[in-house]
Every structure is written in C-alpha cells, then in structure tokens.
Amino acid sequence: MRMNSALLTRLRLLVVFATLGVAVASCSDGAAQSYKTYTPAEVTTFLKQDTTAVVLDVRTPEEYASETGHLKNAKLIPVQQLEDRIGELASVKNKTVVAYCRSGHRSKQASEILSKKGFKIINMDGGITAWNAAGLPTEQGAAK
C-alpha cells in the first residue's frame with residue numbers, strides 16, 4: 001500500500017510537533033522546580049506565621065544598603081558567593097529560607113542552588129522592587 005503525499009506530510013508534521021513538545025516540556029523551569037514562589041503579600045503572611053523562617057537577600061552589599069532597603073533581619077549572601085558560603089546556612093537547613101533580590105531573577109537562581117542542596121525554599125516573586133511597590137516595610141543600613 002502506498003500512502004498519499006498529503007497524509008505522509010501530516011504524519012511527519014505530527015512527529016515533529018510531538019518531538020518538540022517533549023523537548024520543551026523537559027526544559028521547562030516548572031517541571032523540575034523544587035521550591036515555591038510567593039508574591040510579597042504571600043511572603044508577609046508566611047513570615048507572620050513562621051517566625052523561624054530565614055530571610056535571605058542575595059543582592060550585592062551596595063544594593064542591600066541602598067535606598068530600596070531590605071527586609072527585616074535579612075541575611076546577606078550575594079548569589080555569586082552562595083555556593084562558597086553555603087556553610088553559613090547549615091544551621092538553618094531545617095527551616096524555610098525566603099530568598100529575594102531586586103527583581104526575582106537572582107533569587108530564582110539562589111532558590112535552585114539551595115533546593116538542590118536540600119533546603120526548603122520560597123522565592124519572592126518580583127524581589128524588593130515588588131515589595132516596595134506593595135508598600136511593605138523595609139529597613140535601611142548596611143549588612144551586619
């Protein structure tokens with residue numbers, strides 16, 4: 001039996017699209033994500049409920065001390081140094097870590113690093129920019 005040309009073309013396209021769909025799904029951030037993402041309002045609620053949570057600012061020291069401020073009691077470890085300084089978080093591995101940066105990109109990277117190391121992580125969507133836009137409180141000053 002011989003397939004007609006139109007049917008053969010359709011089958012080839014179906015195979016191509018199915019293959020692309022599998023490739024896209026396997027590369028999707030959400031497929032392998034092992035941390036949660038909360039809005040600033042959700043982070044506020046969470047921090048009120050879980051007073052043992054650790055807040056981790058992964059920006060630079062200059063950003064931490066800038067006019068944008070930082071969250072209360074935030075520990076500063078820039079994402080570029082996180083792998084080398086992960087030992088500083090060993091004592092809080094049994095607690096939830098809330099990570100944030102300026103806009104959410106670096107904290108996403110930090111969340112991926114920490115979740116692979118077994119930490120329970122919440123990434124704050126939108127970072128300090130979204131936090132400030134929501135009118136939530138910040139503190140000023142350099143890291144201690």
Phe119 and Val97 have their tightest heavy-atom pair at CD2-CG2, 4.2 Å
Taking only residues two or more places apart in sequence or in another chain, which ones pass side-chain contact (heavy atoms from CB on, under 4.5 Å) with Thr138? Ile128, Trp131, Asn132, Gln140
Does the side chain of Val43 come within less than 4.5 Å of Leu136's, by heavy atoms? no
Please name the pair of heavy atoms, one in Gly104 and one in Cys101, separated by the smallest distance, quoted to 0.1 Å. N-SG, 3.0 Å
Working to the nearest 0.5 angstrom, can you tell me the gap between Ser103 OG and Met124 CE? 10.5 Å
Partners passing side chain to side chain donor-acceptor pair (under 3.5 Å) against Ser115 (at least two apart in sequence or in another chain): Ser34
About how many Å separate CD1 of Ile113 and OH of Tyr35, when rounded to the nearest 0.5 Å? 10.5 Å
Rounded to the nearest 0.5 Å, what separation is found between the CG atom of Asn73 and the CD atom of Glu139? 6.0 Å
Under the ring pair (Phe, Tyr, Trp, His ring centres under 6.0 Å) definition, can you give me all pairs with a residue in residues 64-94, not counting sequence neighbours? Tyr64-His70
Taking only residues at least two apart or on different chains, which pairs with a member in residues 117-128 satisfy side-chain hydrogen bond (donor to acceptor under 3.5 Å, both in side chains)? Ser107-Asn123
Determine, using the 4.5 Å side-chain heavy-atom cutoff (strictly less than), whether Val98 and Leu71 are members of one ILVMFWY cluster. yes
Does Thr45 use its side chain to pair, donor to acceptor, with the backbone of Ala41 at less than 3.5 Å? yes
Which pairs, with at least one residue in residues 83-101 and sequence neighbours excluded, count as a side-chain hydrogen bond (donor to acceptor under 3.5 Å, both in side chains)? Asp57-Tyr100, Lys75-Glu88, Gln81-Arg85, Arg85-Glu88
Can you name the residues that form a side chain to side chain donor-acceptor pair (under 3.5 Å) with Thr52, not counting sequence neighbours? Asp50
Mark yes or no for whether Glu112, through its side chain, and Gln109, through its backbone, hold a donor-acceptor pair below 3.5 Å. no
Are Leu56 and Ile121 side-chain neighbours, meaning at least one heavy-atom pair lies under 4.5 Å? no
Rounded to the nearest 0.5 angstrom, the OG-NZ distance for Ser111 and Lys116 is 11.5 Å
I'd like to check the side-chain contact (heavy atoms from CB on, under 4.5 Å) partners of Glu63; sequence neighbours left out, ordered by chain and number. Arg59, Thr60, Arg102, Arg106
In sequence, state the C-alpha distance, the side-chain angles, and the governing distance for Val58 and Ile77, and then conclude on side chain to side chain contact (heavy atoms under 4.5 Å, CB included). CA-CA 5 Å; Val58 297; Ile77 302 179; 5.6 Å; no
Within one Ile-Leu-Val-Met-Phe-Trp-Tyr cluster: Leu89 and Ile122, side-chain cutoff 4.5 Å: no
